[in-house]
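To start, the structure itself, in structure tokens.
Whatever order the structure lists ligands and atoms in, that order sets their numbers, starting from 1.
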Amino acid sequence: MTLQFSLATAAPETAATACILLGVYEQGVLTSAAARVDGAIGGAIKRQVESGDITGKAGSTTLIYAPAGIAAKRVLVVGLGAQKGFDAARYQKVAIEAARALGKLPLTEAVSYLTGVEVPGRDAGWRVRTAALAADHVAYRYTATVKPRDKNAPPELATLAFAADIGAESGLAQARGIAEGVRFARELANLPPNLCTPAYIADQAEAFAEAHAQVSCTVLDHVEMEKQGFGSLLAVARGSANKPKLIALQYRGGAEGAAPYALIGKGITFDTGGISLKPGPGMEEMKFDMGGAAGMLGAFVAAVEMGLKLNLVCVVPAAENMPDGDSYRPGDVLTSLSGQTIEVLNTDAEGRLILCDALTYTVRTFQPQAMVDAATLTGACVIALGKHASGLFSKHDDLAAELLAAGEHTLDRAWRLPLWDDYQVQLDSGFADVANIGGKSAGAITAACFLARFVEGQRWAHLDIAGTAWDEGRKGSATGRPVALLAQWLLDRES
Ligand code: BES
Ligand code: MN
Ligand code: ZN
């Protein structure tokens, strides 16, 4: 069940609902909504501030049940932290914690007045959108292969309203579209690799196209790819019984004939490393190696659901990297779709090998006005940036600036790393035009440099999302990144 969102214009003391959410800063500073309610309920909030029960610490929550004097059944007081320095990132953190606390209460509806809090540099539409996306993120449950909640469990939050005037409606509409895209991405990425195969991803893309009039889908199978010369992608896929697919979704929301934007996502449904086999511990996390594909498909879904007035394509090379008697091996020289030959020095550097053919295909088929790829490409990027920022690489400063700005706006941040040609020598090979690995140093950069050889001068940027696509660990789950970043980038590109 997905959460429903709406706007609320009622004053907080008159909102007839199961719960209202109010913000309180540290040092007993009440937001105006909290002050109004405090007046109506005889100072109950202030008394709890004085007693120390309400600290205002960012993300802390305190429930007041059935206070006399207001229409709501409950008040959830949410700490905003110090008023000084309150910013967009804090607002988002607070929105997430508030949604978590709300989710633990036995109720189905609530009205949040946190959206009335001023956030420097952000408008009401952003505040509503960010709060809605936070709530949707918290409400998501993976259920595809685990038993559903017990029937006697208390009721769950189903509708959430945000205090804002009608001007914020566009923020809410964007939130609905983006939430849909984020859910699509998270669900696909969380599915186990025995279910989420290249064919499954292709089926999902086709089903989405089927359900949307302005969307069409083409899927190339291995026979077709062989005919066309996808030598690099096919080599990676060869060791797996799950045949590869090249999926291309097209959305016509813009002017006829206008060059599309292109999103390309790495779709390795499982990465064992191949003959250059990965170590066993934690290998199950390599089911998330199609996180780029999930994120780009999610961004595509968001763009379509928002009805953006632009043309967009999403290209997903999908394959599984397995060791097998028929696997590709270190030492092999592949001929890519571009015609460039590639010496394989490590079969675990497979992402770039499926992406290079997808980039060539995208440039030649769609002549996009800009293309962005996302890939869980390198462990080196995780070492460099950790889980907070995706790595961003581009030779086009304007495109890089657009993407950085979109990441900052949505707090789905990226950080730029260099893509200078100085690094290209690390990919020199004595037996082919290029080697598929660049040695120990600057691993995230040399991976991007490899891709740069296949973009034929197009405006292109690469996002390495190895650290951001999922939360690591036994119960780690897909984050839905970078759907928000790309949805914002496309919103900003709308003509
Ligand atoms: N999918 C991995 C990258 C990865 C590793 C993402 C860990 C997230 C967490 C990729 O295919 C890979 O194996 N890359 C190698 C490249 C190396 C062989 C040059 C890596 O990063 O070790
Ligand atoms: Mn690999
Ligand atoms: Zn991989």
Side-chain angles (χ1 to χ4, degrees), residues 189 193 196 198 201 232-233 235-240 242 244 264-295 316-323 327-332 342-358 373-391 393 417 423 426-427 429 434-451 462-474 476-479 481-482:
C196 184
I201 299 176
S232 187
L233 188 160
V236 172
R238 218 171 57 206
S240 175
N242 296 310
I264 300 129
K266 171 179 173 182
I268 293 291
T269 59
F270 194 71
D271 182 12
T272 64
I275 297 302
S276 312
L277 193 63
K278 285 182 180 298
M283 202 202 274
E284 71 285 353
E285 291 194 33
M286 282 299 119
K287 74 172 186 179
F288 293 117
D289 211 19
M290 36 60 72
V316 169
E320 187 176 38
N321 188 21
M322 292 290 250
S327 282
Y328 78 134
R329 43 183 109 54
D332 282 1
I342 303 165
E343 185 185 16
V344 178
L345 294 177
N346 189 320
T347 63
D348 197 12
E350 84 299 337
R352 62 198 79 182
L353 295 176
I354 65 166
L355 283 167
C356 67
D357 279 355
D373 79 77
T376 51
L377 203 61
T378 67
C381 193
V382 191
I383 302 295
L385 296 173
K387 60 184 243 175
H388 300 291
S390 303
F393 304 81
L417 293 168
Y423 293 95
Q426 289 181 240
L427 297 170
S429 159
V434 63
N436 83 325
I437 57 170
K440 229 174 34 203
S441 64
I445 298 171
T446 53
C449 282
F450 180 93
L451 298 179
H462 159 61
L463 286 167
D464 193 329
I465 59 168
T468 55
W470 78 92
D471 290 317
E472 61 183 0
R474 276 287 301 274
S477 160
T479 59
R481 291 178 73 179

| OE1 (Glu350) - the Mn ion (ligand 2) - OD1 (Asp348) angle, nearest 10° | 120°
| field | Sub-4.5 Å side-chain heavy-atom contact between Pro317 and Asp357 | value | no
Show me the side-chain donor-acceptor pairs of residues 283-294 shorter than 3.5 Å, one per line, residues at least two apart or across chains.
residue : atom : partner : partner atom : Å
Glu285  : OE1  : Trp470  : NE1          : 2.7
Glu285  : OE2  : Gly473  : N            : 3.1
Lys287  : NZ   : Asn190  : O            : 2.7
Asp289  : OD1  : Lys266  : NZ           : 3.1
Asp289  : OD1  : Thr376  : OG1          : 2.4
Asp289  : OD2  : Lys266  : NZ           : 3.2

| request: Decide yes or no for Leu353 and Tyr328: does some side-chain heavy atom of the first lie under 4.5 Å from some side-chain heavy atom of the second? | output: yes
| query | Under 4.5 Å between any side-chain heavy atoms of Val434 and Arg352, yes or no? | reply | no
| note | d(Leu463 CG, Thr468 OG1) to nearest 0.5 Å is 8.0 Å
| task | Could you tell me the separation between the CG atom of Asn242 and the SG atom of Cys196, rounded to the nearest 0.5 Å? | result | 10.0 Å
| query | What is the name of the N/O/S atom in Asp271 that sits closest to the Mn ion (ligand 2)? | reply | OD2
| task | Report the C-alpha distance between His462 and Leu377 in whole Å, list the side-chain angles of each, state the deciding distance to 0.1 Å, and finish with yes or no for side chain to side chain contact (heavy atoms under 4.5 Å, CB included). | result | CA-CA 10 Å; His462 159 61; Leu377 203 61; 3.6 Å; yes
For residues 272-280, which side-chain donor-acceptor pairs fall under 3.5 Å, sequence neighbours excluded?
residue : atom : partner : partner atom : Å
Thr272  : OG1  : Gly274  : N            : 2.9
Thr272  : OG1  : Asn321  : O            : 2.6
Ser276  : OG   : Asn346  : OD1          : 3.3
Ser276  : OG   : Thr347  : N            : 2.9
Ser276  : OG   : Thr347  : OG1          : 3.1
Lys278  : NZ   : Asp348  : OD1          : 3.2
Lys278  : NZ   : Asp348  : OD2          : 2.8

| field | Amino acids contacting ligand 1, non-hydrogen cut-off under 4.0 Å | value | Lys266, Asp271, Lys278, Met286, Asp289, Asn346, Asp348, Glu350, Arg352, Thr376, Leu377, Thr378, Gly379, Ile437, Ala466, Trp470
| How many angstroms lie between CZ in Phe450 and CD1 in Ile342, if you round to the nearest 0.5 Å? | 4.0 Å
| task | Output yes if Asp289 passes the N/O/S-under-2.8 Å test against the Mn ion (ligand 2); output no otherwise. | result | no
| message | Can you see whether Asp464 engages Thr378 through a side-chain donor-acceptor pair at a distance of less than 3.5 angstrom? | response | yes
| said: As an exercise, state the distance from NZ of Lys440 to CD of Gln426, rounded to the nearest 0.5 Å. | reply: 11.5 Å
| query | What are the protein N/O/S atoms, named by residue and atom, that sit under 2.8 Å from the Zn ion (ligand 3)? | reply | Lys266 NZ, Asp271 OD2, Asp289 OD2, Glu350 OE2
